[in-house]
Amino acid sequence: MLRVEVTKQLGEFALEAAFESEGRVTGLFGASGSGKTSLVNMIAGLVRPDHGTIVLDGETLDDTKRGLHVPTYRRRIGYVFQDARLFPHLDVLHNLDYGRRMNRLEEDTAQRKRVTDLLDIGHLLDRRPGKLSGGERQRVALGRALLAKPRLLLLDEPLGALDEGRRAEILPYLVRLRDEARIPMVYVSHDAAEMRQLATQIVLLRQGRVTSFGGVKVLSSMPTQ
Amino acid sequence: MLDITPTEWTAILLSLRVAAVATLVATPLGVALAWLLARRQFWGKSLLDAAIHLPLVLPPVVTGYLLLLSFGRRGLVGAFFADHLGVVFAFRWTGAALACGVMSFPLLVRPIRLSIEAVDQRLEQAAETLGAAPWWVFLTVTLPLSLPGVLAGMVLGFAKAIGEFGATITFVSNIPGETQTISSAIYSLIQTPDGDVAALRLVVVSVVMAVAALIGAEWFARRATQRLHGN
């Protein structure tokens, strides 16, 4: 369970968000500039809130009153960025293995096989990120985050940098991930169709504030884009 | 003409040793300072930056004399090193290495700093979300990605160290077999009647070494860039 209650001043922009999620996939939905990425960065620990608390599965990750801030690398929260951010100097195998090594986890070839099968990236293991297509890169980024065995997976518009065709290529993997990986996810998007397919719970953000919260049906109250 | 005498060989080998030791000792320190300057904001940052660049703009004689005052036997730092670590700099080849290290330091730091600045910080963030503590982020992402710059800095620093003259001769003098590098050997030969041919030999040697260093730097940088950028 994830509980977030934070405020953050970013120049002119004030972010003031509170929500609590139990769902398997919490969709953070809002137009660009509504503060989605800042919110996700705070959950990841990359940005510190000005005020407030972030609690994951009973563990307090941020509590500004107590001056508590668990650094990103100790949070065990996976993050899939819009721009993949694969390490260019490592091949796919070592990108996938990075989180396991940094967290000093035992080598788990069965798990790696499951993840590479799930994402169809088994044939790419010896390639460098420079030789991958956009869709392949994003699938490797997903696998890399999963193999670090996170407690929560943040996906910040993982399809945002891809064209229509590629999106259709990745979306089924995300659905499989939701149904098979058993890791709670926070999925950020401004695409209502994507949200309907993936999210089990929606947090609606508008200009830095949560305007509604609930099941996928809150999307229907939104003007279609 | 290229019949190099034992004395000249001594000077050549000493130059190589002095420059190699200077570069190897200066590199870790240079990488650390380059990282600080590239990635951290702190009080006195521009002062530190100026101090690193000082040997580039001060007359080498001044740098050498300051080294003599501080690292000489009676200098504050020199006495400490001699008494506690058993390392003497004054009039020893170690002093020549120190002088070369200080003089080449700005040239070593600059390319490293630039290449660290060029490393995409979003990759460092990604590493953090995968569980890498700051030190590991540096070792596994920042350092490998800035390797071309580190190599370029090392080669540049090495080349500068081989050619260093003013600070070295001021600090540790010109003792054959101990502190007489190629540069000071050439200087001595020019002062000697009939030394021209020998001086020219050493000139040829130093030109060859400098060109080799430049070609080597270029080759290293290109190879490393290729390896790092995913091809």
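Since the structure is predicted, the reported quantities are computational estimates derived from the model, not experimental observations. Sequence lines set the chain letters: A, B, ... in the order given, protein chains first and strands last, and positions in each chain run from 1. Computation of the quantities below employed the complete heavy-atom set of this structure, encompassing side-chain atoms and omitting hydrogens, waters and symmetry-equivalent molecules.
- In this structure the side chain of B/Thr140 reaches within 4.5 angstrom of the side chain of A/Met102, judged on heavy atoms.
- Residue A/Arg151 places its CZ atom among more than 12 non-hydrogen atoms of other residues, nucleotides or ligands, all under 6.0 Å distant.
- Between A/Tyr73 and B/Pro134 the shortest heavy-atom distance is CE2-CD, 3.4 Å.
- For NZ of A/Lys113, the number of neighbouring non-hydrogen atoms (other residues, nucleotides, ligands) closer than 6.0 Å is 12 at most.
- Shortest non-hydrogen contact noted between A/Arg85 and B/Gln125 is NH1-OE1, 3.1 Å.
- The two atoms that bring B/Trp136 and A/Tyr98 nearest to each other are O-OH, 4.2 Å, heavy atoms only.
- The line from CZ of A/Arg74 to CD of B/Glu128 is 11.0 Å long, rounded to the nearest 0.5 Å.
- At most 12 heavy atoms of other shown residues, nucleotides or ligands fall within 6.0 angstrom of atom CG in B/Leu47.
- Annotation: B/Glu117, atom CD; neighbour count of heavy atoms from other residues, nucleotides and ligands within 6.0 Å is above 12.
- For B/Leu145 against A/His89, the heavy-atom pair with the smallest separation is CD2-ND1, 3.6 Å.
- The minimum heavy-atom distance between B/Leu130 and A/Ala148, with the atom names listed, is CD2-CB, 4.0 Å.
- With a 4.5 angstrom heavy-atom cutoff, A/Leu46 touches chain B only via side-chain atoms.
- For A/Arg127, the CZ atom counts as densely surrounded, since its 6.0 Å shell holds more than 12 non-hydrogen atoms of other residues, nucleotides or ligands.
- Pairing each heavy atom of A/Phe87 with each of B/Val141, the nearest pair is CE2-CG2, 3.8 Å.
- With a 4.5 angstrom heavy-atom cutoff, A/Arg144 touches chain B via backbone and side-chain atoms both.
- Residues A/Pro88 and B/Asp120 form no side-chain contact, since every pair of their non-hydrogen atoms from C-beta on lies 4.5 Å or further apart.
- Most heavy-atom pairs under 4.5 Å with chain B, from the set A/Asp91, A/Leu147, A/Asp83, A/Leu132: that is A/Asp83.
- Neither the backbone nor the side chain of A/Arg76 comes within less than 4.5 Å of any heavy atom in chain B.
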